[in-house]
Peer 1: 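Next up is a structure, given as structure tokens.
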Amino acid sequence: MKKYCLILLIGLLAACNSEDPIVKKYGLDFNQNRQAIGLPPLQSTWKVVKNDQVIVRWAPEGNLNGPGYIHKEVTIKNDKIYSEENRFEGKSKYTRDGTDYNEEVYIGCYFDDKAQVSEWNCIFKGTRNPINGLASEGDTRITVKQADSIVMAWGVKY
């Protein structure tokens, strides 16, 4: 009986230490692709905070104090990367539907079957669009260059 329990325990420990192949493939192993495309790389110290086989999300440990890189989220369809979203927060607040939020920038894209970008999807959320100064009533689509510029102006490095 002891031998059976020991084998079971070793099996459980091995299963806990085995990494999900999707997390491995589209986690740190995908950083070279990200850099070639122009996406922020996944930070090596980040942990998986959600993994339901369709969405994998990584985030830093602890609480963010001030502007920063909040999370990276990858969506998987048919065992291939479908989209990626990178969320950044600024220090300025805005109010929507009676709730206060920090300004946000999302740098995201959709991928084709060859894991190449088929469409960029960058969004600014805040009271005033920092590119043109106009009032922003909701999500404002921006270019990748504009998104990078805003994030850099916030002092966030990635």
Side-chain angles (χ1 to χ4, degrees), residues 18-64 66-158:
S18 65
E19 188 171 3
D20 182 324
I22 293 293
V23 171
K24 182 170 175 30
K25 183 175 183 179
Y26 296 115
L28 292 174
D29 288 358
F30 199 69
N31 271 349
Q32 187 173 355
N33 298 57
R34 287 185 180 97
Q35 290 171 327
I37 294 167
L39 286 166
L42 176 62
Q43 307 299 306
S44 62
T45 57
W46 284 20
K47 305 294 181 208
V48 173
V49 295
K50 178 178 182 177
N51 181 3
D52 64 11
Q53 301 305 311
V54 175
I55 294 175
V56 181
R57 182 182 300 149
W58 292 266
E61 291 190 74
N63 295 326
L64 181 68
Y69 188 1
I70 304 301
H71 75 240
K72 176 180 291 292
E73 184 173 289
V74 171
T75 304
I76 306 298
K77 284 191 178 178
N78 300 322
D79 292 330
K80 293 185 179 184
I81 190 166
Y82 174 74
S83 67
E84 178 169 311
E85 170 189 278
N86 297 275
R87 179 174 167 233
F88 300 87
E89 275 189 8
K91 63 181 176 181
S92 296
K93 298 275 187 192
Y94 73 99
T95 302
R96 183 178 291 167
D97 300 325
T99 304
D100 289 337
Y101 300 94
N102 285 58
E103 289 181 325
E104 299 168 285
V105 166
Y106 292 82
I107 299 176
C109 64
Y110 296 95
F111 292 93
D112 62 19
D113 287 341
K114 294 181 176 33
Q116 297 299 310
V117 174
S118 61
E119 178 186 350
W120 286 97
N121 184 30
C122 299
I123 304 287
F124 170 79
K125 293 182 179 192
T127 305
R128 295 227 168 255
N129 182 324
I131 302 302
N132 58 23
L134 298 175
S136 176
E137 287 291 323
D139 299 353
T140 304
R141 284 190 63 98
I142 55 178
T143 66
V144 177
K145 187 175 181 180
Q146 290 169 329
D148 282 336
S149 176
I150 294 167
V151 170
M152 293 298 181
W154 288 345
V156 178
K157 296 182 180 21
Y158 56 84

Peer 1: Tyr69: what forms a ring-ring contact (aromatic ring centres under 6.0 Å, His included) with it, not counting sequence neighbours?
Peer 2: Trp46, Phe88

Peer 1: Can you list the residues that meet the side-chain hydrogen bond (donor to acceptor under 3.5 Å, both in side chains) rule with Tyr94, with sequence neighbours excluded?
Peer 2: Glu104

Peer 1: Which atom pair, heavy atoms only, marks the closest approach of Cys109 to Leu39?
Peer 2: SG-CD1, 3.8 Å

Peer 1: Per the salt bridge (charged side-chain N to carboxylate O under 4.0 Å, His left out) rule, what does the pair list look like for residues 35-46, sequence neighbours excluded?
Peer 2: none

Peer 1: Given Asp148, which partner from the list Ile142, Val105, Ile107 fulfils the side chain to side chain contact (heavy atoms under 4.5 Å, CB included) test?
Peer 2: Ile107

Peer 1: Compare all side-chain heavy atoms of Lys25 with those of Asp79 and state whether any distance is below 4.5 angstrom.
Peer 2: no

Peer 1: Which residues pass the side chain to side chain contact (heavy atoms under 4.5 Å, CB included) test with Thr143, sequence neighbours left out?
Peer 2: Lys145, Gln146

Peer 1: Where do Phe111 and Tyr82 land on the ring pair (Phe, Tyr, Trp, His ring centres under 6.0 Å) test, with the steps shown first?
Peer 2: CA-CA 5 Å; Phe111 292 93; Tyr82 174 74; 8.9 Å; no

Peer 1: Under the side-chain hydrogen bond (donor to acceptor under 3.5 Å, both in side chains) test, which residues partner Arg141, sequence neighbours left out?
Peer 2: Asn121

Peer 1: What are the two closest heavy atoms between Arg128 and Glu103, and how far apart are they?
Peer 2: O-OE2, 4.1 Å

Peer 1: Tell me the closest heavy-atom pair linking Pro40 and Asn86, and the distance in Å.
Peer 2: CD-ND2, 3.7 Å

Peer 1: Under 3.5 Å, is there a donor-acceptor pair between the side chain of Asn102 and the main chain of Gly90?
Peer 2: yes

Peer 1: Measuring from atom NZ of Lys72 to atom CG of Leu42, what distance do you get when rounded to the nearest 0.5 angstrom?
Peer 2: 6.0 Å

Peer 1: Which atom pair, heavy atoms only, marks the closest approach of Tyr101 to Arg96?
Peer 2: CE1-O, 3.7 Å

Peer 1: Would you give the length of the straight line joining atom CZ of Phe30 to atom CD1 of Ile81, rounded to the nearest 0.5 angstrom?
Peer 2: 4.0 Å

Peer 1: Among all residues two or more places apart in sequence or in another chain, which pass the ring-ring contact (aromatic ring centres under 6.0 Å, His included) test with Tyr106?
Peer 2: none

Peer 1: Is it true that, when you exclude Gln32 itself, more than 12 heavy atoms of the residues, nucleotides or ligands shown sit nearer than 6.0 Å to its CD?
Peer 2: no

Peer 1: Who pairs with Val48 by side chain to side chain contact (heavy atoms under 4.5 Å, CB included), at least two apart in sequence or on another chain?
Peer 2: Val23, Asn51, Val56, Trp58

Peer 1: Thr99: what forms a side-chain hydrogen bond (donor to acceptor under 3.5 Å, both in side chains) with it, not counting sequence neighbours?
Peer 2: none

Peer 1: Which residues pass the side chain to side chain contact (heavy atoms under 4.5 Å, CB included) test with Asp52, not counting sequence neighbours?
Peer 2: Lys50, Val54, Ile55

Peer 1: So, do Leu28 and Ser44 sit near enough that their side-chain heavy atoms are less than 4.5 Å apart?
Peer 2: yes

Peer 1: Would you give the length of the straight line joining atom CD of Gln43 to atom NE2 of His71, rounded to the nearest 0.5 angstrom?
Peer 2: 14.0 Å

Peer 1: Can you name the ring-ring contact (aromatic ring centres under 6.0 Å, His included) partners of Trp154, sequence neighbours left out?
Peer 2: none

Peer 1: More than 12 non-hydrogen atoms from neighbouring residues, nucleotides or ligands closer than 6.0 Å to CD on Glu61, yes or no?
Peer 2: no

Peer 1: Just jot down the side-chain hydrogen bond (donor to acceptor under 3.5 Å, both in side chains) partners of Arg34, sequence neighbours excluded, or say none.
Peer 2: Asn31, Glu84

Peer 1: Could you list the residues that satisfy side chain to side chain contact (heavy atoms under 4.5 Å, CB included) with Ile76, not counting sequence neighbours?
Peer 2: Ile22, Tyr26, Val74

